Amino acid sequence: MVLKLYAAPQAAGGTAIVALTLAEKQVPYELITVNMEAKEHKTPEYLAMHPFGQIPVIDDDGFVLYESRAICRYIAEKYADQGTSLLPKSFKERIIFEQAASVEATNFHPAIFKILMEAVGKSRRGLPVDQAVLDAAVAEFSEKLDVYEVILGKHKFLAGNEFTLADVFHFGYGPMLASYGVDVMTGGGRPNVTRWWNELMARPAWVKLKAEGVKSTQ
Ligand SMILES: N[C@@H](CCC(=O)N[C@@H](CS)C(=O)NCC(=O)O)C(=O)O
């Protein structure tokens, strides 16, 4: 039975990283669209799959999983022998990968989220953006990118010279910044971060997802 992805069709947030992982691993899937405006993610049936009532969720022949980063790890492990590798195999490389994945979850993600809450969250709710709050959030995020600049000066991708899930995890929110006029990923005078980010944004699987949105491949 084909894997089911419960999500919205927009390639954003956790849905983006799961859809990108499926594409990089060449795993066919069926998109079950969750209508969040109709609160379909808060129905008893949906909460039985995801106790926090969020997207995305996968159902792989009865194996139900939520939390996008865990889903990506599951797909990359299960389909280790097809598509892009995404997870190193040797013990030490794997631990370095986990280090990089933690950097995304505990440094990049909380800092970028503050920017998006101000820049995107407020404008979507029709509220005025507080420029001082936005500037402070961008400054905090920029300090994280200064450290990325050092790391990415040593190797091509975040966990080494291969593209891994640690890089994939940045596609959830990173691409949204430019759409909202916050050009900090490539406009901050950090050549290593700029090179890395341009390379990520040019991945064919991402270019396709961005253009077409998330849709069933089977
Ligand atoms: N840590 C979760 C976050 C999931 C998440 O926040 N999903 C959002 C959409 S991007 C959602 O479903 N929000 C609705 C809600 O929290 O009620 C993951 O990575 O899967």
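Position 1 is the first residue of the sequence, and the numbers go up from there. Just so you know, these numbers come straight off a predicted model, no measurement behind them. Both counts, for ligands and for their atoms, begin at 1 and track the order of listing.
Looking from atom 12 (O) of ligand 1 to the surrounding protein, the closest heavy atom is Ile55 N, 2.9 Å. The protein heavy atom nearest to atom 3 (C) of ligand 1 is Gln54 OE1, 3.7 Å. Scanning the protein for heavy atoms near atom 2 (C) of ligand 1, the closest one is Glu67 OE1, 3.3 Å. The nearest heavy-atom contact from the protein to atom 11 (C) of ligand 1 is Met36 CE, 3.6 Å. Looking only at protein heavy atoms, the nearest one to atom 17 (O) of ligand 1 is Lys42 NZ, 2.8 Å.
Checked for salt-bridge contact, Glu67 and Arg73 miss the test: no charged N lies under 4.0 Å from a carboxylate O.
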inquiry  = Pair Lys89, Glu162 - check salt bridge (Lys or Arg N to Asp or Glu O under 4.0 Å), show working.
reply    = CA-CA 12 Å; Lys89 290 188 177 57; Glu162 302 297 327; over 6 Å; no
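Taking the six-membered ring where tryptophan is involved, the planes of Phe52 and His50 are perpendicular, since the angle between them exceeds 60° and thus also 30°. Between His170 and Tyr148, the ring planes lie perpendicular to each other; the angle is over 60°, past the 30° to 60° tilted range.
Heavy atoms of other residues, nucleotides or ligands lying less than 6.0 angstrom from NZ of Lys114 number 12 at most. Within a 6.0 Å radius of CZ in Phe63, other residues, nucleotides and ligands contribute more than 12 heavy atoms.
Residue Pro56 has at least one heavy-atom neighbour below 4.0 Å for each of these atoms of ligand 1: 20 (O). Counting the atoms of ligand 1 from 1 in the order shown, those under 4.0 Å from a heavy atom of Gly53 are 15 (C), 17 (O).
Aromatic ring centroids of Phe108 and Phe169 lie 6.0 Å or more apart.
Distances from atom 20 (O) of ligand 1 to the heavy atoms of Ser68, Ala7, Gly13, Ala16 put Ser68 nearest.
The shortest N or O to N or O distance between Tyr173 and ligand 1 is not under 3.5 Å.
The closest approach between any non-hydrogen atom of Gly172 and ligand 1 is not below 4.0 Å.
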